[in-house]
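Structure first, then comments.
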There are 2 protein chains.
Amino acid sequence: MNAGTPPPRRMRADAHRNYQRLLTEAAAAFAEHGADFSLEAIARRAGVANGTLYGHFPTRRALLEALMGDRMRALAATGAELLTARSPFDGLVTWARAAMAHTTIYRGLGATLMQAVEDESSELHAACKAVLAAGEKLLARARTAGEVRPDVTAPDLYALINAAAWAGEQSSPPQGERLLTFGLNGFRTSATDQALPLPKLTPAPK
Amino acid sequence: MNAGTPPPRRMRADAHRNYQRLLTEAAAAFAEHGADFSLEAIARRAGVANGTLYGHFPTRRALLEALMGDRMRALAATGAELLTARSPFDGLVTWARAAMAHTTIYRGLGATLMQAVEDESSELHAACKAVLAAGEKLLARARTAGEVRPDVTAPDLYALINAAAWAGEQSSPPQGERLLTFGLNGFRTSATDQALPLPKLTPAPK
DNA sequence: TTGAAAAGTTGAGACTGTCTCGATATTTTC
DNA sequence: GAAAATATCGAGACAGTCTCAACTTTTCAA
C-alpha cells in the first residue's frame with residue numbers, strides 16, 4: 001500500500017537550511033518588533049537574499065502561518081481538554097485567556113487572525129476555524145449549563161479575544177485583560193436580567 | 001486691553017486656500033480608504049506638491065487632529081447632555097454607541113485615538129482627554145445609581161469603545177456593535193453576582 | 001505704487017519597504 | 001561526472017515617507 005509515494009519530494013538540503021533560518025529570524029524579529037516587521041530585514045538577518053525569502057514564503061501571511069500553525073492547533077486542543085473543567089464557564093474563561101495570550105505573541109497579529117478566519121484562501125484559515133470550533137464547544141457547554149446567554153456565538157468570542165488583545169497592545173496588557181473580563185461577564189446569563197438586545201449579524205453570503 | 005495682539009498672524013491667502021483643500025481631500029480620502037491612505041496621493045488630489053502638505057501637517061497625526069478636533073469636542077458635549085437621561089445606564093449606552101460610530105469614521109482611526117490619549121505630545125491629546133472626562137461623568141452617574149460596577153473606569157470605557165470599533169472594521173460593523181454591547185453588559189452591577197475579579201491596571205507613572 | 005522681506009511652494013532626491021524575474025549557482029540523480 | 005532539477009541571488013520597478021535648497025507669491029510700509 002501507498003507505493004505511489006504521493007508527496008515524497010523532499011526539500012533540497014540548502015533550501016531546508018534557509019527555510020529554517022528564515023523561520024528562526026522571523027520569529028525573533030516579529031516577537032521583538034511586531035508582525036509588521038520588514039521582511040527585507042528578516043532576510044538580511046537570516047543571511048539570504050530577499051528573493052529567497054519570497055521564494056519560501058510568497059506573502060507575509062504564509063510566513064505567519066508557518067510560525068503559527070502549530071500554536072493554533074495546540075490552542076484548539078487545549079480547548080478540548082477544558083471541556084471537562086468543573087465549571088463550564090470557568091473552562092471558557094481559562095481558554096479565552098490562553099487564546100488572548102496566544103494572539104499577543106506578535107504585536108499586530110490580531111488583525112491577521114481576524115481576517116484569516118473569513119478568508120478561505122488564507123493559509124491560516126483552517127487553523128482559525130479549528131480555534132473557532134474549539135470556542136464553540138466551550139460556549140455550547142456553558143450555554144447548556146445556563147451559564148452564558150443563548151445568543152452568544154463563537155465569532156463573538158473570537159472577536160472579543162482578538163479585540164481585547166488589540167486593546168492590550170494599544171495601551172497596556174492589563175487593560176486588555178480587563179476588557180476580556182468585562183466582555184466575558186457580558187456573556188453571562190446573570191447579566192440577562194435587564195440585558196440589552198444584541199444587534200443582529202447580517203448572515204455572511206455563503 | 002489685549003493691545004499686544006499676541007497671536008494675530010494670519011495665514012497667507014494662498015496658504016489658507018491650500019490648507020483647506022488639503023483638509024477636504026484628506027477627509028474624502030480617509031473616509032473612503034482609511035486613515036492610512038497615502039499622504040502623497042492626498043497632496044496630488046489637492047493639487048499641491050507633497051512638500052506643501054508636510055509644511056501644513058508635519059505628521060499624519062497633525063492632519064488627523066485638524067480633521068477630528070471638532071468632532072471630538074462635540075462628542076464630549078453630547079456626553080454632557082446625556083447626563084440628564086432618564087436612566088444613567090441608558091445614557092452611558094447611547095453615548096458609547098455614538099463614540100463608537102465616531103471612531104468608525106475613518107478605518108484604522110482607533111489605534112491613533114488609543115495612542116493619543118496616552119501621548120501628551122499628541123495634538124489630539126486634549127480632545128481625547130475631554131472625551132475621557134465625558135465618559136467618566138456618565139460612568140460616575142451610573143455608578144452612583146448602582147447600575148455599573150464600582151471598579152469600571154473611564155479608560156475601560158474608552159478601550160471598549162475603540163476595541164469594538166476595531167473589531168467592527170476587521171469583521172463587520174454589527175460584530176463591533178455586539179462586542180460593545182457585551183462589554184457594556186459586563187459593566188453592569190447585575191453581572192456582579194458571580195463576577196470575575198478584574199486584573200489591576202499598573203498605575204501609569206505620573 | 002512699489003520693492004524688499006516674509007511666508008509659502010516646489011519637486012527632486014535620499015530612504016525604506018514590497019515584490020518579481022532572468023541569470024547564476026548548487027544539489028540530486030542516474 | 002554530467003544533465004536535470006531545484007534554489008539562490010540581487011538588480012530593478014514601484015510606491016510611500018519625509019527633507020530641503022531654490023524659487024515664487026503675498027504682504028506691507030514707505
Side-chain angles (χ1 to χ4, degrees), chain A residues 5-26 28-30 32-67 106-108 111-112 115 121-123, chain B residues 5-26 28-30 32-67 106-108 111-112 115 121-123:
Chain A
T5 60
R9 284 245 201 55
R10 280 174 44 224
M11 206 179 257
R12 224 171 76 174
D14 54 346
H16 187 255
R17 193 176 58 244
N18 286 335
Y19 182 90
Q20 296 298 350
R21 279 194 191 186
L22 284 166
L23 281 184
T24 303
E25 288 302 329
F30 286 164
E32 192 175 359
H33 300 105
D36 292 328
F37 190 75
S38 160
L39 297 182
E40 196 181 31
I42 288 171
R44 231 181 355 253
R45 286 171 58 156
V48 303
N50 65 9
T52 299
L53 186 155
Y54 284 98
H56 285 294
F57 310 103
T59 65
R60 182 179 297 274
R61 272 220 187 132
L63 181 48
L64 283 171
E65 146 69 7
L67 288 170
Y106 306 139
R107 195 153 19 87
T112 299
Q115 281 154 20
S121 75
S122 166
E123 315 179 57
Chain B
T5 59
R9 283 243 202 56
R10 280 174 44 225
M11 205 179 257
R12 227 172 75 173
D14 54 345
H16 186 255
R17 194 178 56 245
N18 285 336
Y19 182 89
Q20 295 298 350
R21 280 195 191 185
L22 284 167
L23 281 184
T24 304
E25 288 303 329
F30 287 164
E32 193 175 357
H33 300 105
D36 292 327
F37 191 74
S38 158
L39 297 183
E40 197 180 31
I42 289 171
R44 232 181 356 252
R45 285 170 59 154
V48 302
N50 66 7
T52 300
L53 187 155
Y54 284 100
H56 286 293
F57 309 103
T59 65
R60 184 180 295 275
R61 271 221 188 131
L63 180 49
L64 285 170
E65 146 69 6
L67 288 169
Y106 306 138
R107 195 154 18 87
T112 300
Q115 280 153 19
S121 75
S122 166
E123 315 179 57

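The figures here come from the full heavy-atom set of this structure, side chains too, leaving out hydrogens, waters and symmetry mates. So you know, we letter chains A, B, ... as the sequences are listed, proteins then strands, and number each from 1.
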From CA spacing to verdict: side-chain contact (heavy atoms from CB on, under 4.5 Å), B:Ser122, B:Arg61: CA-CA 8 Å; B:Ser122 166; B:Arg61 271 221 188 131; 3.8 Å; yes

Test side-chain contact (heavy atoms from CB on, under 4.5 Å) applied to B:Phe37 and B:Glu25, step by step: CA-CA 11 Å; B:Phe37 191 74; B:Glu25 288 303 329; over 6 Å; no

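For the pair B:Glu40 CD and D:dT19 C1', the computed distance is 14 Å after rounding to whole Å. One can place CZ of B:Arg61 at 12 Å from P of D:dC18, the figure rounded to the nearest angstrom. One can place OH of A:Tyr54 at 18 Å from P of C:dG22, the figure rounded to the nearest angstrom. Rounded to whole Å, the distance from CG on B:Asp14 to C1' on C:dA7 is 8 Å. Note: CG (B:Leu39) to C1' (D:dA15) measures 13 Å, nearest angstrom. Distance B:Arg44 CZ to C:dT10 P: 14 Å, rounded to the nearest Å. For B:Met11 and C:dG8, the CE to P distance is 7 Å, given to the nearest whole Å. Computed from coordinates, the A:Phe57 CZ to C:dG17 P distance equals 19 Å when rounded to whole Å.
Residue B:Asn50 is in base contact, counting any heavy-atom pair closer than 4.0 Å across all strands shown. At a threshold of 4.0 angstrom between heavy atoms, the contacts of A:His56 are confined to the sugar-phosphate backbone, with no base atom among them. Nucleic acid contact class of A:Gly55 (heavy atoms, under 4.0 Å, all strands): none.
You'll find the side chain of B:Phe30 reaches within 4.5 Å of the side chain of B:Leu63, heavy atoms only. Using a 4.5 Å heavy-atom cutoff, the side chains of B:Val48 and B:Tyr19 are not in contact.
Phosphate contact (OP1/OP2 of D:dT25, side-chain N/O of B:Arg12, threshold under 4.0 Å): absent. Here B:Ser38 does not reach the OP1 or OP2 of D:dA15: none of its side-chain N or O atoms lies under 4.0 Å away. Look at A:Asn18 and you'll find a side-chain N or O under 4.0 angstrom from OP1 or OP2 of D:dT8. Remark: B:Thr52 is in phosphate contact with C:dT10, judged by side-chain N or O atoms under 4.0 Å from OP1 or OP2.
For A:Gly47 and B:Pro58, each mapped to the nucleotide of DNA chain D holding its nearest heavy atom, the one lying further toward the 5' end belongs to A:Gly47. When the nearest nucleotides of DNA chain C are assigned to B:His16 and A:Ala41 by heavy-atom distance, the more 5′-ward of the two goes with B:His16.
Residue A:Arg45 holds its CZ atom at 13.5 Å from CZ of A:Arg21, rounded to the nearest 0.5 Å.
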